[in-house]
Amino acid sequence: METKKKGGFTNSIGFVLAAAGSAVGVGNIWRFPYLAARDGGGLFLLVYLVLVLTFGSALLTTDIALGRRTGKNAWHAFGSIKPKWSFLGKLTFLVPVIIMTYYSVIGGWILKYSTVYLTGRHHQAAQDDFFTSFITSPVSPIVFMLIFLALTALVVYMGVEKGIEKFSRYVMPSLLILIIGIAIYALTLKHTDASGVTRTGLEGLKIYLIPDFKDLTFGRFLNVLLDAMSQLFFSLSVSMGIMITYGSYVKKDVDLNRSISQVEFFDTGVAFLSGMMIIPAIYVFAGTEGMTSGPSLMFVSLPKVFNSMGTAGILVGIAFFVMILFAALTSCVSILETLVATCMELFHATRKKVSCVIGLLSAAASVVICLGYNLFYFECPMPAGGKGQLLDLADYVSNSLLMPVICLLTAVFIGWVIKPSWIAEEMRVGSNGFAKEKIYSAMVRYVVPAVMVILFLQSTGLLGRLIG
Ligand code: PFF
């Protein structure tokens with residue numbers, strides 16, 4: 001049987017930790033906190049939580065049940081149900097192909113910062129131009145990317161059970177311990193700045209948790225909603241074929257209802273704790289203005305915060321970057337696994353051979369992305385504002401253009417072509433029932449398609465023009 005040839009997760013915990021490993025990544029630790037800070041703290045949290053339980057749950061259920069029921073990767077899964085829809089499998093496969101080219105580049109940056117902190121050079125990392133001069137240098141980002149990629153490929157090369165599952169079993173609990181430790185430490189922080197103002201971690205926590213309804217208009221609420229929606233999408237690793245692949249490795253006696261809730265809980269829990277460690281820390285050392293730093297938060301603002309903490313900052317810095325390195329590795333493993341598993345099926349080749357070939361091809365593509373900051377540098381205006389380089393462009397095509405389209409088509413396929421009952425039947429296998437069937441059905445038939453159209457219009461900048 002197909003599934004047997006590919007290997008599989010030993011049990012439900014193995015699956016939950018591996019799927020959580022894919023879901024918990026840079027998005028949780030870096031993107032979630034800065035969006036929460038920007039979008040009114042508690043208001044964003046509330047909206048996000050409601051979305052996870054409804055929308056997120058429906059998307060995750062679709063992917064995982066589709067994978068388990070067909071026992072196939074995205075490439076073949078759709079076509080095996082309705083041959084006319086095989087194009088959707090191929091389109092879905094494009095997403096991990098594109099993400100793979102730049103995720104290992106970011107992984108390389110994180111590896112670089114981990115080594116900087118581990119070798120006691122934290123002052124260097126806090127300098128203004130450290131990040132820019134590193135990513136624009138010709139050799140160093142490539143070397144770190146290659147090491148990160150080699151680690152990822154090694155885990156995939158070892159296989160589903162001995163590689164991915166075993167790795168996630170060690171790494172995910174360690175990640176959880178590190179994040180809880182840093183979050184508690186962040187709440188005990190206290191600092192008086194040059195103007196004599198003292199700020200505490202607990203005050204920062206209040207900013208994070210208490211909803212800010214000031215100047216809340218419909219337009220602003222819509223922005224919060226869209227931010228939360230796109231974050232959820234990326235954070236759960238849905239609509240990119242990854243959870244379909246992982247779903248195909250799950251045994252029939254696993255209760256998918258429970259496992260899916262656990263993955264959601266893990267992913268949201270880590271995102272929540274990341275906010276609890278980052279927002280108070282930034283608030284204490286940089287005030288409310290520091291929290292608006294956006295994407296540069298992780299590589300530019302946080303090293304400055306660690307530096308202001310004195311000696312403790314070295315330890316916290318090490319813990320932070322090692323933790324995010326773990327998170328990035330397990331996510332990158334899931335992307336590479338999807339590529340490798342699909343190519344194994346397509347070319348009837350062994351895991352070892354395919355891992356090496358895909359690893360080398362990914363390395364070549366990632367070198368090009370690294371060179372996007374020097375040799376191939378250009379500035380491309382992005383629809384959401386600002387100018388982007390190769391990496392931003394790849395990220396935009398995969399996450400903002402392809403993912404909403406794939407998610408929309410998948411929802412139409414499940415909701416209207418094969419009908420939600422097809423998924424519900426699979427959800428009942430190995431469990432007592434599928435309590436969320438009604439809400440799942442409404443989500444996949446009506447809410448997901450509508451929201452995807454809105455998200456797509458927003459990412460292409462058309463929504464702004466339509467609303468005026
Ligand atoms: N879900 C991961 C995160 O939140 O960082 C990101 C991710 C993982 C994106 C795997 C894409 C992917 F294929």
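Numbering of ligands and ligand atoms starts at 1, following listing order.
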- [ ] Could you walk me through whether Y34 and W30 pass the ring-ring contact (aromatic ring centres under 6.0 Å, His included) test, one step at a time?
- [x] CA-CA 7 Å; Y34 94 71; W30 150 80; 5.7 Å; yes

Donor-acceptor pairs under 3.5 Å, side chain of residues 41-58 to any protein atom, not counting sequence neighbours: which ones?
| residue | atom | partner | partner atom | Å |
| --- | --- | --- | --- | --- |
| T54 | OG1 | V50 | O | 2.8 |
| T54 | OG1 | L51 | O | 3.4 |
| S57 | OG | K436 | NZ | 3.2 |

- [ ] Could you tell me how the ring of W85 sits relative to the ring of F413: parallel (under 30°), tilted (30 to 60°) or perpendicular (over 60°)?
- [x] tilted

Open item on the list: Are the side chains of F134 and F144 in contact, using a 4.5 Å heavy-atom criterion?
Closed with: yes

Task: Results of ring-ring contact (aromatic ring centres under 6.0 Å, His included) for Y246 - residues two or more places apart only - done: F9

Which pairs of donor and acceptor atoms, one on a side chain in residues 87-101, lie under 3.5 Å apart (sequence neighbours left out)?
| residue | atom | partner | partner atom | Å |
| --- | --- | --- | --- | --- |
| T92 | OG1 | L88 | O | 2.6 |
| T101 | OG1 | I98 | O | 2.6 |

Can you pull every nitrogen or oxygen pair between ligand 1 and the protein closer than 3.5 angstrom?
| residue | atom | partner | partner atom | Å |
| --- | --- | --- | --- | --- |
| ligand 1 | 1 (N) | S22 | O | 3.4 |
| ligand 1 | 1 (N) | A23 | O | 2.9 |
| ligand 1 | 1 (N) | F234 | O | 2.9 |
| ligand 1 | 1 (N) | S235 | O | 3.0 |
| ligand 1 | 1 (N) | S237 | OG | 3.0 |
| ligand 1 | 4 (O) | A23 | O | 3.0 |
| ligand 1 | 4 (O) | N28 | OD1 | 3.1 |
| ligand 1 | 5 (O) | V26 | N | 3.0 |
| ligand 1 | 5 (O) | G27 | N | 2.7 |

